[in-house]
Amino acid sequence: MKKISIILLLFGCLYKTFAQDVTSPSKNIKVIFSLTEKGEPTYQVSYKENTIISKSKLGISIKDGVALTKDFSIIKIEKKTVNETWKPVLGEDSTITNHYNEIRFFLNQKDTNTKLNIVFKVFDEGVAFRYEFPIDNEVKYFVISEENTEFTLTGDHKTFWIPGDYDSQEYAYNETKISEIDNAKLDLENGVGLKSILSQYRVQSPLMMKSSSGLYINIFEAAVLNYPVMHLDVDIDRFQLTANLAPNAIGDKAYLRTPSQSPWRTIMVSDDAKDILSSKMILNLNEPCKIEDTSWIKPMKYIGIWWEMHIGISTWDYAGSQNAHNAGTAVGNMIPTGKHGATTENTKKYIDFAANHGFDGVLVEGWNVGWEDWYGKWKEDVFDFITPYPDFNIKEIADYAKAKGVKMIMHNETSGAVANYERHLDRALGLMKKYNYPAVKSGYVGRIIPRGEFHDGQTMVNHLNFVIERAAEYNIMVNSHESVRPSGYHRTYPNYIASEAARGNEFNAWSKGNPPEHETILPFTRLLGGPMDYTPGIFELKMSAYDPTKTEQVHTTLAKQLALYVTLYSPLQMAADLPRNYEKHLDAFQFIKDVPLDWQKSIYLEAEPGHYITVVRKDKYSENWFLGAITNKNARQTTIKLDFLTKGKKYKAVIYQDGENADWQENPKSYEILTKTVTHTSSLKLNLAKGGGTAVSFELIE
């Protein structure tokens, strides 16, 4: 159903101090747009009559041109209302409502006669706006030197932030007031290999905040296309944020031509944290699906030759040396150490495990030549993406997987050599197609080539979108790592099935790890833009199990690792641990086997960023429900009503919970499994240990 009403208001030349407001469908959110006496565009936002964003300036600075920041008049206004529903290919909900009020201001700069449109969409969960650069008689080319968008906050809010690093999002979140944001105080011995923090007071979006009055505010962006990622410069005294764009190698921000537009700048607000998590505003701001036949886009649950490298029992490179000298040696002359993980024999073992336990796919990293000298040298010709090591028989493995009913997932690490990957991309995709690989995991570790570009710049945004679109032509799904963080583009290209673009589970294997609150923050930040390949499911939680001298460990209980399959949404989920560790705990492993990846409905029951999340999701193809509850470093008890279950029906609830003495530090593997019959009138008391969680499957009893 789609209902659109349009009101067109024309003005000969409305100028100076004019103000116009637009509200959300619920009337809870109001935006006021106005021009100052200098003709400067400004806006302000209120929620239930409380000011959230006080008067803030808008505008764009053009290189070698007049700044589009003042001397504007309004020549026309258009308003419309949209109320429609649509169905995502994969998602947390099978049907999504897109309901908003829109107002478009057509501006003209007096002296230059330059046109600029500013569009606002006001949803019940927040506000979105963007700049439009219309065509005027002829195509004009221009370079953006700065975006002058301001977000002037009304208080010193509690803020969950990571530094504004142009090359990495792989940081644990800091929880401070806005006035306490300071990158100079960070502990940078955190396992992040490449850091580009160029300002003391710059943070990344999405930025999650909570006011002293209990309002939840999130600033982010949507539909980032042909434009850099937005960071935020922080004025810690005025509580003001200003858009900051990652530059290219020569300092420019974006090369555009008319007609074009910026990404949407978004402000979510609610007095209930659950509304932030359940919002589909970011998705709704992206264009509808452009893939005509989506039948080949399917969720995948996979295992892989990956964790064994992170814990140090095998290597990515064939010779096991990480010696650059070996990279110049003919592969056949290399002397293997026996530690190479991606062998034909080892891969077959993973395929057998996947087939025996009903998994869709197997990922293999380190299968192709080049890993002896792949990182840290800013080297361009590392990989060709088609030549396997001599102990990895790609055809034999493909045939074996096909016979077992298992799909293989390709791995393409680029080592940041983006230009090299683009040159080889069609051959790489052709190889996947030849051997029936339905998905590829791409990686962008290291400094970017073309040299001088950042991960978050316009070049990398365009590259990632190009790879996604090209892969769609081959019917291949993409899971990007170390990439630009997503902003809802998986609506337009749903073959963009997942992305890392944040601090994932592997940091627990070889660094100080991810603190217990980390997974309670990610859904409020990174996951607002799209599914994350977090790689949960680690059962052997202390690395001392592999080496007694190691002190690293996963900062959760085993039960919480199960709950993450529900709380961290993704249609691509890895059972990341070694098969042998699952074989020791097949009772707990059953939940990973059972949990679906595509959902009919999702309901967030409890949420507080940095503290806890409880969510239930209904399987898209059955009447079964699944619950995930996680907490931070503090133990937690809560009672959950099961009124989401169908009335008059009985369900078998299988509860995977922390053991009585479970603790993420002292006793992380302690868990117990309970089974009981429940109905929609029942309640469940959940007992979450420190760093713990609970996972529950509700199976309809016929």
Side-chain angles (χ1 to χ4, degrees), residues 85-99 123-126 206 208 216 218 268 270 272-284 286 298-301 486 488 490-491 494 497-498 519-534 536 560 562-573 591-592 594-609 612-630 638 640-646 651 653 656 678 680 684 686 693-700:
T85 58
W86 58 278
K87 295 183 179 296
V89 177
L90 304 171
E92 295 181 83
D93 297 278
S94 60
T95 301
I96 291 175
T97 297
N98 183 27
H99 189 193
F123 302 78
D124 284 342
E125 63 262 52
M208 185 69 203
Y216 300 88
N218 184 284
M268 297 182 192
S270 179
D272 189 336
K274 301 193 298 293
D275 293 338
I276 305 294
L277 298 181
S278 60
S279 171
K280 298 297 181 291
M281 190 171 84
I282 301 300
L283 271 177
N284 281 325
N286 281 264
K298 300 180 184 299
M300 292 190 74
K301 196 180 298 181
H490 60 291
R491 178 188 180 185
I497 192 171
E519 296 91 351
T520 71
I521 301 171
L522 284 172
F524 288 97
T525 52
R526 160 64 187 81
L527 271 85
L528 293 177
M532 182 178 177
D533 186 28
Y534 187 72
K560 184 174 180 178
L562 298 179
L564 295 178
Y565 286 93
V566 186
T567 61
L568 299 180
Y569 165 70
S570 180
L572 179 78
Q573 290 280 22
F591 183 82
I592 299 177
D594 290 341
V595 65
L597 305 180
D598 198 15
W599 304 100
Q600 183 181 153
K601 186 176 184 180
S602 296
I603 306 172
Y604 289 89
L605 302 177
E606 303 176 307
E608 180 65 27
Y612 56 84
I613 293 174
T614 303
V615 60
V616 290
R617 306 187 193 273
K618 186 178 184 181
D619 179 24
K620 194 171 187 176
Y621 302 103
S622 76
E623 293 299 308
N624 298 336
W625 290 77
F626 292 78
L627 179 147
I630 60 174
T638 184
I640 300 299
K641 294 181 180 180
L642 306 185
D643 51 5
F644 53 85
L645 298 176
T646 302
Y651 293 79
Y656 303 79
V678 297
H680 83 285
L684 278 185
L686 308 181
T694 301
V696 185
S697 64
F698 299 94
E699 181 182 354
L700 181 65

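Note that this is a predicted model, so its numbers are computed, not measured. The chain is numbered in sequence order, starting from 1.
- Taken to the nearest 0.5 Å, the CG atom of L283 stands 4.0 Å off from the NE2 atom of H490.
- Here the side chain of N284 pairs a donor or acceptor atom with the backbone of T97 at under 3.5 angstrom.
- Put simply, the side chain of N218 gets close to the backbone of F524: a donor and an acceptor are under 3.5 Å apart.
- Between W625 and F644, the ring planes are tilted. Angles from 30° to 60° get that label.
- A273 and P609 make their closest contact through CB-CD, 4.1 Å (heavy atoms, listed as atom of the first residue, atom of the second, distance).
- In this structure, L277 CG and L528 CG are separated by 7.0 Å, a value rounded to the nearest 0.5 Å.
- Side-chain contact between Y651 and H680 is absent, with no heavy-atom pair separated by less than 4.5 Å.
- Heavy atoms only, all atoms of each residue included: P206 and R526 are closest at CG-N, 4.2 Å.
- Among all heavy-atom pairs drawn from G693 and K560, the shortest one is N-CB, 3.7 Å.
- Residues L597 and K301 are in side-chain contact: their nearest non-hydrogen atoms beyond the backbone lie under 4.5 Å apart.
- Under 3.5 Å, the side chains of S697 and Y656 contain no donor-acceptor pair of N or O atoms.
- Looking at heavy atoms from C-beta onward, L562 lies in side-chain contact with I592 at the 4.5 angstrom threshold.
- Within the 4.5 Å cutoff, side-chain heavy atoms of I497 are placed close to those of P571.
- Between the S602 side chain and the E92 main chain, a donor and an acceptor come within less than 3.5 Å of each other.
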Given T520 and I630, is the side-chain contact (heavy atoms from CB on, under 4.5 Å) satisfied, shown in steps?
-> CA-CA 7 Å; T520 71; I630 60 174; 3.9 Å; yes
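- Taking CD of E608 as the reference point, atom NZ of K274 lies at 10.5 Å (rounded to 0.5 Å).
- Taking the side chain as every heavy atom from C-beta outward, E125 and D275 never approach each other to under 4.5 Å.
- Taking every heavy atom of both residues into account, F626 and V595 meet most closely at CE2-CA, 3.9 Å.
- Between atom CZ of residue R617 and atom OH of residue Y604 there is a gap of 4.0 Å, rounded to the nearest 0.5 Å.
- Residue-environment remark: NZ (K620) exceeds the threshold of 12 foreign heavy atoms within 6.0 Å.
- The line from OG1 of T614 to CD1 of I640 is 4.5 Å long, rounded to the nearest 0.5 Å.
- Side chains of T638 and E606: a donor-acceptor N/O pair is present below 3.5 angstrom, by distance only.
- Remark: side-chain polar atoms of Y565 are paired, donor with acceptor, to backbone N or O of P536 under 3.5 angstrom.
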Would you check, one step at a time, whether the test side-chain contact (heavy atoms from CB on, under 4.5 Å) holds for M268 with I282?
-> CA-CA 10 Å; M268 297 182 192; I282 301 300; 3.6 Å; yes
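- When each of Q600, K601, K280 is paired with D93, the side chain to side chain donor-acceptor pair (under 3.5 Å) condition holds for K280 and for no other.
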For the pair V616 and W599, evaluate side-chain contact (heavy atoms from CB on, under 4.5 Å) and give the outcome as yes or no after the intermediate values.
-> CA-CA 10 Å; V616 290; W599 304 100; over 6 Å; no
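- Side-chain atoms of Y612 never come within 3.5 Å of backbone atoms of A629 as a donor-acceptor pair (strictly under, hydrogens ignored).
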Run the side-chain contact (heavy atoms from CB on, under 4.5 Å) check on N624 and D594 step by step: do they pass?
-> CA-CA 10 Å; N624 298 336; D594 290 341; over 6 Å; no
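- Of the residues L568, T567, I276, the one that meets the side-chain contact (heavy atoms from CB on, under 4.5 Å) test with P523 is L568.
- When all heavy atoms are compared, the tightest approach of L522 to M532 is CD1-SD, 4.1 Å.
- For the pair D598 and V89, the tightest heavy-atom approach, listed with the atom from each and the gap, is OD2-O, 3.9 Å.
- Note that NZ of K641 and CG of L684 are 13.5 Å apart. Values are rounded to the nearest 0.5 Å.
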